[in-house]
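Here it is, the structure, as structure tokens.
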Amino acid sequence: MNAPAAPDPSLLPLSEARIPDDVFERMRRENLARWPTGAEVDFEAAVARHQALPKHKQLGWVMREADRQRRCLTQPRGGFGTFDMHRHLMVTLDKDGHADIVPTTTDSYTRNEQWQLAQKGIEESERAGRSMLNGYPMVNYGVARAAELVDAIDKPAIMLTGTAMPRLTGEIGYAGGYSGYLGSGIAYTTSYTKEFSIGEGIRNYQYLDRLVSMYQAHGVELHRRQPGFLTGTNVPPSIAIVTAVLDCLLAAAQGVRNYGLEMGETLHLVQDAAAVAACRELCQEYLQRRGHHDVFTPVTLLHWMGAWPHDDAQCAALVAYGGTLAAIAGAISVTTKSVHEAFGIPTPEANAEGLRMTRMAIYLAREIRLDGLKAFQDEKDLIEREVRAIVDKTLEMGDGDVALGTVRAFEAGVLDVPWSPSRYCKSRVIPARDAEGCLRIVDPGLMPFPKEVMEIHEEKLRRRAEKEGVPFGHELAVSSVYEMAEPIAKLLPDRIGRD
Amino acid sequence: MNAPAAPDPSLLPLSEARIPDDVFERMRRENLARWPTGAEVDFEAAVARHQALPKHKQLGWVMREADRQRRCLTQPRGGFGTFDMHRHLMVTLDKDGHADIVPTTTDSYTRNEQWQLAQKGIEESERAGRSMLNGYPMVNYGVARAAELVDAIDKPAIMLTGTAMPRLTGEIGYAGGYSGYLGSGIAYTTSYTKEFSIGEGIRNYQYLDRLVSMYQAHGVELHRRQPGFLTGTNVPPSIAIVTAVLDCLLAAAQGVRNYGLEMGETLHLVQDAAAVAACRELCQEYLQRRGHHDVFTPVTLLHWMGAWPHDDAQCAALVAYGGTLAAIAGAISVTTKSVHEAFGIPTPEANAEGLRMTRMAIYLAREIRLDGLKAFQDEKDLIEREVRAIVDKTLEMGDGDVALGTVRAFEAGVLDVPWSPSRYCKSRVIPARDAEGCLRIVDPGLMPFPKEVMEIHEEKLRRRAEKEGVPFGHELAVSSVYEMAEPIAKLLPDRIGRD
Amino acid sequence: MKQKTVVTGVIGSDTHIVGNRILSMALEKAGYTTIALGALTPAPDFVKAAVETNADAILVSSLYGQGELDCRGFRDLCVEAGLENILLYVGGNLVVGKRSWEETQRTYLAMGFDRAAPPGTRVETVLDWLERDLAARERGERRATA
Amino acid sequence: MKQKTVVTGVIGSDTHIVGNRILSMALEKAGYTTIALGALTPAPDFVKAAVETNADAILVSSLYGQGELDCRGFRDLCVEAGLENILLYVGGNLVVGKRSWEETQRTYLAMGFDRAAPPGTRVETVLDWLERDLAARERGERRATA
Ligand code: B12
Ligand code: B12
């Protein structure tokens with residue numbers, strides 16, 4: 001297809017070490033040469049552009065300010081296949097949706113660096129008068145167009161690109177004035193690729209993180225962000241947090257200072273609040289331990305990432321609750337969906353409505369916290385025990401190197417992600433929802449969770465199996481995939497009793 | 001207009017005492033003679049009809065069963081001016097909305113016993129092909145039509161009639177197979193009338209409660225319910241609960257055994273949860289104290305009763321959160337609204353959607369409780385201190401008689417309701433929302449709240465006044481009336497900072 | 001200029017007093033002599049009060065949906081009482097259900113109201129209308145434009 | 001009757017594996033020899049696998065919206081490979097955005113798919129189609145009705 005997807009591995013052996021200046025310079029040159037628009041990237045000009053942006057359009061600053069003000073910001077997803085459609089979308093999300101952070105989701109060809117296919121997609125979209133691509137082809141349109149998009153809104157812009165290959169997209173977007181980039185080597189490689197090795201994914205994001213650190217060195221505080229939601233399919237908090245900690249350590253090693261952590265909502269109020277608190281604390285704990293003392297790690301929750309119901313009314317409840325959960329959990333931002341979720345990419349209007357529903361829900365729950373509630377404390381302890389067991393084992397396997405440890409741990413199944421499409425990930429760990437509505441682990445696969453922890457999971461899941469008269473096992477996992485998409489009449493039958 | 005609205009007061013002096021059989025017989029005869037359809041009421045036949053209803057269509061049983069199963073049931077409001085429109089509405093709410101309890105809201109002429117005007121309204125509605133009445137004229141259509149409505153659904157049916165004059169509507173609906181009636185002497189007289197004395201309102205509901213106790217004596221467990229939401233306008237929980245306790249004692253004295261208690265949501269999760277717990281406990285405490293040992297008093301929360309926003313998206317969040325609050329508070333049922341609230345009576349479809357949003361929200365929060373959270377415990381204590389002070393003073397003023405105490409306490413301003421239209425209610429107590437989102441009291445009027453309690457309220461409200469740079473006082477109350485109806489951009493401005 | 005007098009109230013069997021009370025308070029504060037009849041006010045009572053106080057305007061609230069029935073013939077009542085030219089406003093939730101505002105407004109203007117206010121109208125708007133319309137009256141016009 | 005063979009996979013650059021995996025597991029359990037190609041499968045790989053295993057049907061998943069681009073010419077690829085008559089299904093979220101299902105279905109049937117499954121289709125439905133269509137094939141029909 002296009003130019004090769006990964007930097008020449010002979011350049012450096014895999015490790016967490018910061019990419020040296022000279023090597024990085026060479027890598028950048030090669031990277032920017034892979035598609036014509038790469039030539040538009042002018043680092044000096046990009047630094048000047050960022051420095052000229054007002055603070056409220058710089059995501060690094062905005063996230064810190066939100067933390068200071070105890071605000072929960074809103075951010076949707078969204079991208080269309082042509083510049084005009086996409087610009088209209090961004091403006092609608094900003095103005096009608098009151099989005100605090102405006103997104104640019106790239107299309108799946110761009111994510112796979114299939115820029116020729118993306119080009120065809122642009123043309124077909126223009127011909128059809130509707131988007132044939134599921135996102136905005138950032139690389140094809142290039143730096144100047146990216147800058148026009150950033151100028152069209154009055155908020156910070158973030159790139160959402162679900163890819164293991166962020167190097168050119170990231171260069172172009174950041175050069176255009178985007179101040180945030182979502183993606184990481186461990187999370188996206190295990191959730192968005194099949195044949196891509198985890199080491200390669202890590203390398204690609206080391207490049208991006210190194211780039212951000214270079215901006216940082218020139219006084220530009222860009223925001224990087226880790227997608228701990230992974231496959232979005234009943235991912236238990238501890239698994240999300242394990243990847244958050246490891247990706248975060250990798251980024252910090254490249255010099256990143258603003259690193260957001262995302263988790264999909266479990267949809268259980270107490271579990272989500274515990275997860276946010278645990279994520280924040282554990283990332284900082286491991287950062288400190290490894291000598292990174294100045295990394296800001298705000299936590300973001302995401303509206304339900306699994307399958308959605310086909311009823312707008314049920315979806316509205318999921319959207320609103322998504323705001324409630326994020327606000328009460330103390331998340332610094334929430335990534336929103338819309339009532340169209342089960343059907344397809346939402347219209348700008350439906351997307352903006354999802355934002356306003358969420359924002360109202362945040363307002364309503366703005367001052368509530370669960371700290372001190374026993375169930376919260378118990379859940380948080382449980383998550384912490386799970387995370388420490390896996391992270392410590394991983395670090396041990398890497399002989400102190402996070403990158404090496406990660407690759408080896410995935411090979412051994414010590415690190416694992418449920419429902420992963422990747423060949424490099426065993427996907428033997430199996431989650432399901434318990435009777436109280438928390439996500440639990442049916443089968444840990446080869447992940448070394450402490451025995452007492454697994455007993456708790458099993459007991460809670462057995463209670464559900466019993467209640468529903470199904471065997472304890474994988475069936476629970478499959479029905480949990482469908483659960484939130486079921487019609488309400490099945491979830492909560494009416495006629496509470498017969499005679 | 002029609003026949004006189006109140007029973008001849010010379011019959012009995014006002015007191016909480018149970019109406020003697022012979023007097024009640026006379027009262028019924030006179031009551032049923034006030035409009036032709038009264039003659040259709042045949043008590044024996046009515047008892048037989050109720051006994052033939054399946055249990056799941058009997059609200060008394062359904063509420064107890066919901067309590068046993070820890071379910072939070074859903075119930076909308078709704079009524080249209082002609083039989084056909086109203087029947088269609090009830091079926092839609094049952095089938096598409098999965099309502100657990102199906103309502104019949106009566107129109108405002110019926111509420112004021114202006115049956116001639118209601119008759120005109122029916123005719124005009126039929127002519128116009130749309131409802132010109134804001135509810136169903138239960139009395140005009142009579143018993144047989146009421147029975148047809150009950151037969152058209154597979155759930156229990158409840159009358160919602162917002163009136164101080166329930167005697168004929170109640171007779172007809174109950175005779176037709178309705179198994180629940182919402183309304184009470186104190187709450188509705190103070191919130192729905194201007195010139196009607198509180199004593200008269202109490203008498204009218206004593207009639208209704210006495211009727212229900214007569215059914216009870218014949219083995220039929222009807223449900224009665226108290227509308228503690230009052231004027232729906234920032235009513236602090238303690239004021240709702242004070243009226244709940246007093247109305248409940250009055251009903252118990254007539255022999256009622258199933259008495260639901262309704263409160264409007266404050267929209268603060270912790271305050272609502274505390275209110276539900278306090279309401280349940282305080283009602284039982286006073287019932288026990290006065291020797292009523294077998295009254296079942298399930299608590300219902302109502303979706304926000306104040307002014308709604310004009311944006312469907314914001315409304316959806318209020319609807320969904322309304323379910324969340326009720327579920328977490330442990331309410332046995334929740335009364336729902338729709339995204340049309342600010343505009344007008346919802347279509348059957350919008351109403352059904354409000355039900356499904358709420359139901360999904362309930363499902364999502366189904367197992368969560370806040371017991372043990374310090375803020376919850378503090379709030380509950382505060383409410384209890386407030387309620388005891390007022391109720392005890394009222395009972396003292398009545399020399400042990402609840403009815404007399406109530407009338408005297410309203411005269412003295414010891415009992416008071418904010419924003420009341422009634423001449424008999426001082427409406428000097430003034431509520432507002434504090435900075436954390438709880439309802440507080442700006443000015444207690446003449447209500448004898450303990451001094452330390454009022455200090456807490458004042459301090460919390462002063463904090464809001466300070467934050468918003470407005471003076472502490474009535475202005476806070478007015479802005480709190482509008483607050484939830486404000487556009488989201490005002491409630492939670494975007495652009496969190498400027499430079 | 002003499003202090004202007006306005007009559008306010010909620011018409012028919014309608015108990016929604018909150019908006020009407022806030023409006024009355026605001027009118028009072030803005031310097032109008034305000035005759036607030038409160039909730040549940042029959043149409044003739046408005047007219048009676050207006051005659052007695054020689055009022056400049058009547059502000060009718062209706063929230064509960066049945067305003068369309070209650071307000072029929074309101075202008076006629078005024079005319080019968082010799083108040084041909086009194087300024088008449090109506091506001092609230094003026095019909096049952098969510099209908100197009102244009103249609104609703106037309107219905108009420110046809111009934112003889114000078115202005116109808118849609119759901120959610122703020123007091124500032126009402127004060128502004130009143131000031132401009134009363135000034136227009138001084139100039140002999142029916143009401144201010146827009 | 002010999003055991004039937006089906007090829008499954010997610011076409012193009014699409015990583016949505018969950019529904020496809022559940023489907024594949026259900027097919028396996030229902031007794032089909034199931035060749036599961038997984039996520040991110042180029043169109044030619046489906047055809048190659050079907051040829052190699054002499055498959056009776058190909059079940060293509062597409063969730064991410066770009067299926068309309070990825071699936072163009074899929075039937076032609078089959079024909080070129082000598083699989084004129086192989087049963088072809090497609091399912092998932094087949095276009096970008098929420099469009100009318102009728103229109104979407106028409107688009108895919110016109111591409112040569114025998115059946116298209118709308119969002120949210122359950123495995124029971126797919127198993128039922130497959131059983132009936134394969135039986136119809138035995139009788140020499142193109143597919144079962146409805
Ligand atoms: C609070 C409330 C109640 C309280 C009222 C308490 C009280 N005593 O005042 C209670 C709970 C008692 C109540 C009862 C009922 N209500 Co009610 N209620 C509301 C609610 C939620 C808010 C009203 C309010 O206080 N708004 C705040 C104030 C500040 O705003 P406002 O009243 O609109 O007034 C402002 C403007 O409209 C304007 N304005 C007002 N009057 C005038 C006049 C003029 C001349 C001008 C220019 C402007 C103007 O200025 C005001 C200040 O800004 C509304 C829905 C909503 N808006 O969200 C329903 C609503 C008005 N109620 C409604 C109904 C139907 C009822 C009931 C019949 C019960 C039922 N079926 O559910 C009963 C009626 C009882 C009766 N006989 O009247 C309907 C009316 C339906 C319709 N028109 O199609 C509404 C719209 C809800 C709905 N969607 O179903 N209600
Ligand atoms: C989980 C999920 C993800 C996960 C996927 C994890 C994984 N590796 O599988 C993650 C988070 C990684 C993800 C990523 C993306 N996603 Co996604 N995702 C979803 C989501 C929420 C659920 C999908 C799911 O697992 N459903 C549960 C399973 C059991 O159902 P199913 O997949 O539909 O399969 C069933 C049926 O469809 C049917 N079926 C499936 N295949 C076939 C085949 C045949 C032949 C037949 C007969 C039947 C059939 O049977 C299955 C079993 O019942 C959907 C929205 C939704 N449905 O709620 C969006 C959705 C599919 N995603 C979408 C998009 C756009 C993306 C992204 C591009 C990111 C973005 N822009 O937001 C990336 C794409 C990355 C890529 N290159 O593919 C869009 C697609 C838009 C469109 N078509 O218009 C959706 C619809 C969301 C939306 N409304 O925007 N996603």
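Every chain is numbered from 1 and lettered A, B, ... according to where its sequence line falls, protein lines coming before strand lines.
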Item to check | 4.5 Å side-chain heavy-atom contact, B/Val481 and C/Ile22 | outcome: yes
Checklist entry - Between C/Gln66 (side chain) and B/Asn134 (backbone), is there a donor-acceptor pair under 3.5 Å? => result yes
Item to check | Leading residue by heavy atom contact count with chain B [cutoff under 4.5 Å; candidates C/Gly65, C/Pro119, C/Ser13] | outcome: C/Ser13
Checklist entry - Contact part of B/Ser108 toward chain C, heavy-atom cut-off under 4.5 Å: side chain, backbone, both or neither? => result both
Checklist outcome for this item: Okay, B/Arg130 and chain C: the region with an atom under 4.5 Å from a heavy atom over there is side chain
Checklist entry - Which one of C/Thr15, C/Leu40, C/Asp14 satisfies the side-chain contact (heavy atoms from CB on, under 4.5 Å) criterion with B/Asn112? => result C/Leu40
Checklist entry - Passes salt bridge (charged side-chain N to carboxylate O under 4.0 Å, His left out), C/Lys98 versus B/Glu341? Steps please. => result CA-CA 9 Å; C/Lys98 183 176 178 176; B/Glu341 179 64 13; over 6 Å; no
Checklist entry - Crowded around C/Glu28 CD? As in, over 12 foreign heavy atoms under 6.0 Å? => result yes
Checklist entry - Taking everything shown except B/Arg87 itself, do over 12 heavy atoms lie less than 6.0 Å from its CZ? => result no
Next on the checklist: Between B/Ala307, B/Ser191, B/Ser420, who has the most heavy-atom pairs with chain C when the cutoff is under 4.5 Å?
Outcome noted: B/Ser420
Item to check | Test log, rule side-chain contact (heavy atoms from CB on, under 4.5 Å), inputs C/Tyr64 and B/Asp107 | outcome: CA-CA 9 Å; C/Tyr64 73 155; B/Asp107 69 284; over 6 Å; no
Checklist entry - Are the side chain of C/Asn93 and the backbone of B/Phe343 linked by a donor-acceptor contact shorter than 3.5 Å? => result yes
Item to check | pair B/Glu124-C/Leu69: side-chain heavy atoms closer than 4.5 Å | outcome: yes
Item to check | Check against side-chain hydrogen bond (donor to acceptor under 3.5 Å, both in side chains), C/Asp70 and B/Tyr109 | outcome: CA-CA 11 Å; C/Asp70 298 327; B/Tyr109 295 143; 2.6 Å; yes
Item to check | Test side-chain contact (heavy atoms from CB on, under 4.5 Å) applied to C/Ile17 and B/Thr231, step by step | outcome: CA-CA 9 Å; C/Ile17 191 62; B/Thr231 54; over 6 Å; no
Next on the checklist: In the structure I gave you, are the side-chain heavy atoms of C/Thr41 and B/Lys194 within less than 4.5 Å of one another anywhere?
Outcome noted: yes
Checklist outcome for this item: Cut-off 4.5 Å, heavy atoms of chain C, and the answer for B/Ser422 is neither
Checklist entry - Could you state the interatomic distance from NE2 (C/His16) to OH (B/Tyr192), rounded to the nearest 0.5 Å? => result 7.0 Å
Next on the checklist: A side-chain contact here means heavy atoms from C-beta on lying under 4.5 Å apart; do B/Ser427 and C/Arg21 qualify?
Outcome noted: yes
